[in-house]
Amino acid sequence: MNDPSAATKPLAPLLARGKRWDHLELLERIDASGSISTAASAMGMSYKAAWQAVESMNNLSEQPVVERQTGGKHGGGTRLTPYGRRVLTAYRRLEKERERVLAALGQIMDDFEQYYQLIRRFDMKTSARNQFLGKVKSVRHGPINAEVILDIGGGDELAAIITEDSAEHLGLAEGMEAYALVKAPWIIVTTGDSLRTSARNRLCGTVVRCQEGAINGEVVIELPGGKLVVATVTNESIHELGLEEGKRACALIKASHVILAVGA
């Protein structure tokens, strides 16, 4: 008979908690202590980060999952709503069932983890045309903003400037996977290598598609590593720059226009 513990070893990274805050654990601790401050302290979170997490969960829910209590003999506090407790119970049951299924699949396929990670990447949907998966090369923290350098492969990197709160919320650290999202209208296209701009990111390659619309057109630039950058520019700009298939072009992207995301 196969050893179940051996079969689940390849899945350990999938089942272990990441460095990002576990919102469900936060809810459990709030429910147990009646205090968001106590719950945050027990998890090593700042009070501000805990409240931002709670507000985000409430905004994403049809009904509040957490509510404030004011007054009373205990001087107020925070508690889960009945709806919030049902959400918590349902999620923990789902989590246990998920672990059971992953362990079973791990026994059947030795390389299941590899394909599972790839399948999860297909689940993300956003309105941003440009989505790059990469690895965090460095994170430089500041009092308000953080600078994150993401290696997207093929020798190309993207620099992103995000708030320090966002960097903390995402749990960004060197070596972890992250997604860079950039909307096509935010990209400036140029054909001149000597052009100096304030844009931190410069991704150069070859135009593989250039399609005009009624007013704006879509320009697709293939980078040396095979990644594609999609930009929306005016038809006038396409003509002025002489953009066409096979022409060298560069995509300029401001660091503040790069949105970072991580898998759940």
side-chain hydrogen bond (donor to acceptor under 3.5 Å, both in side chains) contacts touching residues 247-256 (sequence neighbours left out): D193-R248
Tell me whether the count of non-hydrogen atoms from other residues, nucleotides or ligands lying under 6.0 Å of CZ in R200 goes above 12. no
Counting only N and O atoms by type, is there a donor-acceptor contact under 3.5 Å from the side chain of S33 to the main-chain atoms of R29? yes
Drop me the distance from I36's CD1 to L26's CG, to the nearest 0.5 angstrom. 6.0 Å
Does atom CD1 of I215 have more than 12 heavy-atom neighbours from other groups under 6.0 Å away? no
Joint cluster assignment, I253 & I149, ILVMFWY side-chain distance < 4.5 Å: no
L228 side chain reached by I221 side chain, heavy atoms, under 4.5 Å: no
Please name the pair of heavy atoms, one in E164 and one in A146, separated by the smallest distance, quoted to 0.1 Å. OE1-CB, 3.5 Å
Could you see if V101 belongs to whatever hydrophobic cluster contains M109? Use Ile, Leu, Val, Met, Phe, Trp, Tyr and a side-chain cutoff under 4.5 Å. yes
Any side-chain donor near an acceptor of the partner, S41 and T38, under 3.5 Å: no
Is a side-chain N or O of S237 found less than 3.5 angstrom from the main chain of V233, in a donor-acceptor match? no
Check whether any side-chain heavy atom of L80 sits under 4.5 Å from a side-chain heavy atom of L88, and report yes or no. yes
Are the side chain of E67 and the backbone N or O of P64 linked by a donor-acceptor pair below 3.5 Å? no
Please name all residues satisfying side-chain contact (heavy atoms from CB on, under 4.5 Å) with A40, sequence neighbours left out, ordered by chain then number. M45, A50
Could you check whether Q52 and H169, counting side-chain N and O atoms only, form a donor-acceptor pair closer than 3.5 Å? no
Can you list the steps and then say if R209 with E218 is a side-chain contact (heavy atoms from CB on, under 4.5 Å)? CA-CA 8 Å; R209 190 168 73 250; E218 184 180 84; 3.1 Å; yes
Return the minimal non-hydrogen interatomic distance between G134 and L150, and the atom names on each side. C-CD1, 3.7 Å
If you round to the nearest 0.5 Å, how far is CD of E222 from SG of C204? 14.0 Å
Compare all side-chain heavy atoms of L172 with those of M176 and state whether any distance is below 4.5 angstrom. yes
Any heavy-atom pair between the side chains of S127 and K183 that's under 4.5 Å? yes
State whether a side-chain donor-acceptor pair under 3.5 Å links H239 with E212. yes
Considering only heavy atoms from C-beta outward, does the side chain of V258 approach that of L181 to under 4.5 Å? no
Quick check: is V220 connected to I152 through a chain of hydrophobic side chains (ILVMFWY, heavy atoms under 4.5 Å apart)? no
Quick one: does any side-chain atom of N235 pair with a main-chain N or O of G213 as donor and acceptor, under 3.5 Å? yes
Less than 4.0 angstrom from a charged side-chain N to a carboxylate O is my criterion; do R79 and D31 meet it? no
Does the side chain of C210 reach to within under 4.5 Å of the side chain of E244, using non-hydrogen atoms? no
Can a donor-acceptor pair be found, under 3.5 Å and without considering hydrogens, that links the side chain of D151 to the backbone of K135? no
I188 and V230: same hydrophobic cluster, using ILVMFWY side-chain contacts below 4.5 Å? no
How far apart are the closest heavy atoms of K227 and F132, and which atoms are they? CB-CE2, 4.2 Å
Given E95, which partner from the list R98, R92, R93 fulfils the salt bridge (charged side-chain N to carboxylate O under 4.0 Å, His left out) test? R92
How about E236: does its CD atom have over 12 heavy atoms from other parts shown lying under 6.0 Å from it? no
Quick one: pull up CG in L158 and NZ in K137 and give me the separation to the nearest 0.5 Å. 12.0 Å
Evaluate the criterion side-chain contact (heavy atoms from CB on, under 4.5 Å) for residue pair T78 and V66; output intermediate values, then yes/no. CA-CA 7 Å; T78 312; V66 175; 3.2 Å; yes
So which heavy atom on V189 is nearest to which on A231, and how close? CG2-CB, 3.5 Å
Look up atom CG in N145 and atom CD1 in I161, then write down how far apart they are to the nearest 0.5 Å. 6.5 Å
Can you tell me how far CD1 of I162 sits from CD of E147, rounded to the nearest 0.5 angstrom? 10.5 Å
Strictly below 4.0 Å, N to O, side chains only: are E97 and R100 in salt-bridge contact? yes
Write down the atom of A249, the atom of L243, and the distance for their closest heavy-atom approach. CB-CD2, 4.2 Å
Kindly give the heavy-atom pair with the smallest separation between E177 and V262, and that separation in Å. O-CG1, 4.0 Å
Short side-chain to backbone donor-acceptor contact, N58 and V65, under 3.5 Å: yes
Less than 4.5 Å apart, side chain to side chain, heavy atoms only: is that true for V139 and V136? yes
Does the side chain of I187 reach to within under 4.5 Å of the side chain of T232, using non-hydrogen atoms? no
Could you measure the distance from the CG atom of D165 to the CD1 atom of I144? Nearest 0.5 Å is fine. 10.0 Å
Common cluster, V208/V229, ILVMFWY with side-chain heavy-atom separation under 4.5 Å: no
